[in-house]
Amino acid sequence: RLVGEFEQMYRKSAQVPWHQDRDPDRADCRIAIELLRIGAPYGTALELCSGLGYFAQFVRERVPMKSLTGSDISVTAVERARGLFPSISFETLGLCLELAEQGWLGKSFDLVIIRASFWYLFPNMKRVVANLHTLVNSGGYLFVSQNFPPLDSDFVGKEVIPSPDSLM
């Protein structure tokens with residue numbers, strides 16, 4: 001069931017949510033790295049909805065860039081990510097909320113990465129798209145990756161976005 005209570009999940013989870021620590025083993029993550037390497041090197045980069053920062057670290061180790069910031073709506077996730085990966089800056093950011101209200105107005109990046117998050121953002125896409133537009137520097141890159149389980153199976157979020165076509 002799609003819940004979206006990220007703060008409570010990160011506070012109470014006995015395991016690494018969504019097995020984020022296994023990202024380097026996942027085919028979609030390895031493909032994402034190869035695609036990101038095509039446009040490298042980058043100046044400043046931002047990973048949105050970074051959770052505990054495992055994918056951000058995977059990117060940082062493999063894609064040339066000057067700096068990387070990870071962001072998540074969960075304060076607990078951001079604090080834990082800072083402890084796990086001190087070479088990356090992590091900040092709190094709710095992509096469905098106004099940037100100005102969160103102290104993010106005026107911040108923009110050469111590369112913005114968002115992956116596997118649209119099930120939670122879909123109901124607020126107008127705000128999300130506006131924020132993405134603001135966060136990507138003019139001439140910068142937006143990297144979007146949204147994976148789907150087999151479409152004939154039941155999966156969390158299927159009631160929100162049942163297929164890649166519905167996302168488009």
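Remark: side-chain polar atoms of Ser71 are paired, donor with acceptor, to backbone N or O of Glu47 under 3.5 angstrom. Under the 3.5 Å distance criterion, the side-chain polar atoms of Asp110 are matched with a main-chain donor or acceptor of Thr44.
Listed by chain and residue number, nothing satisfies the side-chain hydrogen bond (donor to acceptor under 3.5 Å, both in side chains) test with Tyr42 (two or more places apart in sequence, or in another chain). Applying the salt bridge (charged side-chain N to carboxylate O under 4.0 Å, His left out) rule to Glu79 yields no partners; only residues at least two apart in sequence or on another chain are considered. Scored by the side-chain hydrogen bond (donor to acceptor under 3.5 Å, both in side chains) test, Glu98 finds Arg127 as partners (sequence neighbours excluded). By the ring pair (Phe, Tyr, Trp, His ring centres under 6.0 Å) test, Phe58 is found to be paired with no residue, residues two or more places apart in sequence or in another chain being considered. Listed by chain and residue number, Arg26, Arg115 satisfy the salt bridge (charged side-chain N to carboxylate O under 4.0 Å, His left out) test with Asp28 (two or more places apart in sequence, or in another chain). With sequence neighbours left out, the side chain to side chain contact (heavy atoms under 4.5 Å, CB included) criterion links Ile73 to Phe6. Scored by the side-chain hydrogen bond (donor to acceptor under 3.5 Å, both in side chains) test, Arg11 finds Glu7 as partners (sequence neighbours excluded). Partners of Gln15 by side-chain hydrogen bond (donor to acceptor under 3.5 Å, both in side chains), not counting sequence neighbours: none found. Every residue two or more places apart in sequence or in another chain was checked for a salt bridge (charged side-chain N to carboxylate O under 4.0 Å, His left out) with Arg22, and none qualifies. For Phe122, the ring pair (Phe, Tyr, Trp, His ring centres under 6.0 Å) criterion is met by no residue, not counting sequence neighbours.
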For residues 161-168, please give each side-chain donor-acceptor pair under 3.5 Å, one per line with the distance, not counting sequence neighbours.
{"unit_1": "Ser163", "atom_1": "OG", "unit_2": "Asp165", "atom_2": "N", "d": "3.4"}
{"unit_1": "Ser163", "atom_1": "OG", "unit_2": "Ser166", "atom_2": "N", "d": "3.2"}
{"unit_1": "Ser166", "atom_1": "OG", "unit_2": "Ser163", "atom_2": "N", "d": "3.2"}
{"unit_1": "Ser166", "atom_1": "OG", "unit_2": "Ser163", "atom_2": "O", "d": "2.7"}

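Applying the side-chain hydrogen bond (donor to acceptor under 3.5 Å, both in side chains) test to residues at least two apart or on different chains, the pairs with a partner in residues 59-69 are Gln57-Glu61.
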